[in-house]
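Note sheet for the following structure.
Within every chain, numbering begins at 1; the chains are lettered A, B, ... in the order of the sequence lines, protein sequences first and strands thereafter.
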Amino acid sequence: ETGVTQTPRHLVMGMTNKKSLKCEQHLGHNAMYWYKQSAKKPLELMFVYSLEERVENNSVPSRFSPECPNSSHLFLHLHTLQPEDSALYLCASSQDPPGAYNEQFFGPGTRLTVL
Amino acid sequence: QKEVEQNSGPLSVPEGAIASLNCTYSDRGSQSFFWYRQYSGKSPELIMSIYSNGDKEDGRFTAQLNKASQYVSLLIRDSQPSDSATYLCAVNAEAAGNKLTFGGGTRVLVKP
């Protein structure tokens with residue numbers, strides 16, 4: 001595997017389900033990010049982890065819970081979601097922690113549909 | 001006022017022509033600027049980064065930055081149908097704690 005991988009690629013869940021999204025980066029990077037991309041809206045930053053420590057929670061509802069067990073893996077745990085949470089969820093990584101010149105590289109995303 | 005603004009398009013360009021995309025930003029303290037290409041149903045792919053005023057060329061792509069006027073542009077020379085995608089401008093905004101802020105993207109259609 002190379003780059004940033006995400007599983008599953010597609011997920012359909014009911015509002016009462018609990019599921020998790022997984023991201024793995026094979027680039028030796030030190031920072032990882034979760035973004036949400038909804039139709040007709042710009043990419044929205046959700047969470048930032050730098051050196052396995054959460055450095056940003058961008059006012060995300062508590063029904064989204066991130067976990068970063070090590071610098072290569074990032075999870076997004078989902079529970080009691082709403083239909084408006086349906087979106088493309090993107091993971092990204094960067095060599096350096098958030099800073100002026102860090103380039104972020106994205107995984108393929110998980111297309112989430114909440115029924 | 002949006003922090004990063006782009007014309008949503010679509011920008012229709014004949015094959016072989018130059019596509020010109022613009023992006024304006026509001027935070028004067030912004031230091032780095034990125035262009036991503038996103039094909040329909042796919043994730044964003046980094047194609048250019050620029051940090052200093054002036055032009056930066058990479059193959060058929062040229063990024064132009066003017067910090068005084070707070071805009072960054074992307075030129076695609078010899079446009080090909082495979083360039084048809086949405087192009088996202090991203091700005092590292094000091095006011096946002098040095099995190100990337102994305103524009104809404106410009107959709108480009110290259111017609112054979």
Side-chain angles (χ1 to χ4, degrees), chain A residues 2-10 21 23-25 27 29-50 54-60 87-113, chain B residues 1-10 23-52 56 58 61 63 65 67 72 85-107:
Chain A
T2 59
V4 181
T5 59
Q6 291 186 243
T7 55
R9 297 293 304 277
H10 300 272
L21 310 184
C23 175
E24 183 173 1
Q25 59 94 2
L27 300 168
H29 287 175
N30 293 306
M32 298 185 76
Y33 311 77
W34 279 117
Y35 286 87
K36 175 183 178 182
Q37 189 173 38
S38 305
K40 310 291 186 185
K41 294 177 70 175
L43 272 165
E44 301 171 63
L45 179 65
M46 300 175 71
F47 300 104
V48 181
Y49 276 82
S50 175
R54 190 193 309 183
V55 297
E56 179 71 21
N57 175 348
N58 210 29
S59 302
V60 178
L88 180 66
Y89 288 84
L90 292 159
C91 174
S93 70
S94 64
Q95 174 67 53
D96 298 313
Y101 306 108
N102 63 340
E103 295 177 335
Q104 294 183 26
F105 298 90
F106 286 85
T110 295
R111 174 68 64 185
L112 173 67
T113 302
Chain B
Q1 181 188 5
K2 294 180 184 176
E3 295 179 51
V4 179
E5 291 209 53
Q6 297 180 254
N7 188 319
S8 61
C23 171
T24 59
Y25 59 94
S26 59
D27 183 359
R28 283 197 169 273
S30 300
Q31 297 175 276
S32 50
F33 308 85
F34 306 89
W35 284 99
Y36 286 83
R37 177 176 62 198
Q38 186 172 24
Y39 292 114
S40 180
K42 303 294 185 183
S43 62
E45 172 193 9
L46 180 66
I47 55 172
M48 289 286 285
S49 57
I50 185 167
Y51 310 128
S52 305
K56 179 181 178 182
D58 184 357
F61 298 102
L65 175 60
K67 290 186 178 180
V72 55
T86 297
Y87 290 80
L88 306 176
C89 173
V91 176
N92 185 296
E94 189 176 23
N98 277 319
K99 292 179 289 293
L100 284 186
T101 300
F102 284 81
T106 297
R107 186 168 162 232

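- Not counting sequence neighbours, Arg9(A) has no partner by the side-chain hydrogen bond (donor to acceptor under 3.5 Å, both in side chains) test.
- Glu103(A) and Phe34(B) get closest at one heavy-atom pair: CG-CE2, 3.6 Å.
- Taking the side chain as every heavy atom from C-beta outward, Leu46(B) and Gln104(A) never approach each other to under 4.5 Å.
- Using a 4.5 Å cut-off between heavy atoms, Phe33(B) makes no contact with chain A at all.
- Side-chain contact between Phe106(A) and Glu45(B) is absent, with no heavy-atom pair separated by less than 4.5 Å.
- Within residues 29-42 of chain A, the residues having any heavy atom closer than 4.5 Å to a heavy atom of chain B are Tyr35(A), Gln37(A), Pro42(A), listed by residue number.
- Side-chain atoms of Thr101(B) and Leu45(A), non-hydrogen and from C-beta on, never get closer than 4.5 Å to each other.
- For the pair Ser43(B) (side chain) and Gly107(A) (backbone), a donor-acceptor distance under 3.5 Å is present.
- Proximity to chain A (any heavy atom under 4.5 Å) is restricted, for Lys99(B), to the side chain, taken from C-beta onward.
- The two atoms that bring Lys42(B) and Leu88(A) nearest to each other are O-CD2, 4.2 Å, heavy atoms only.
- Rounding to the nearest 0.5 Å places CG of Leu100(B) at 9.5 Å from CG of Leu43(A).
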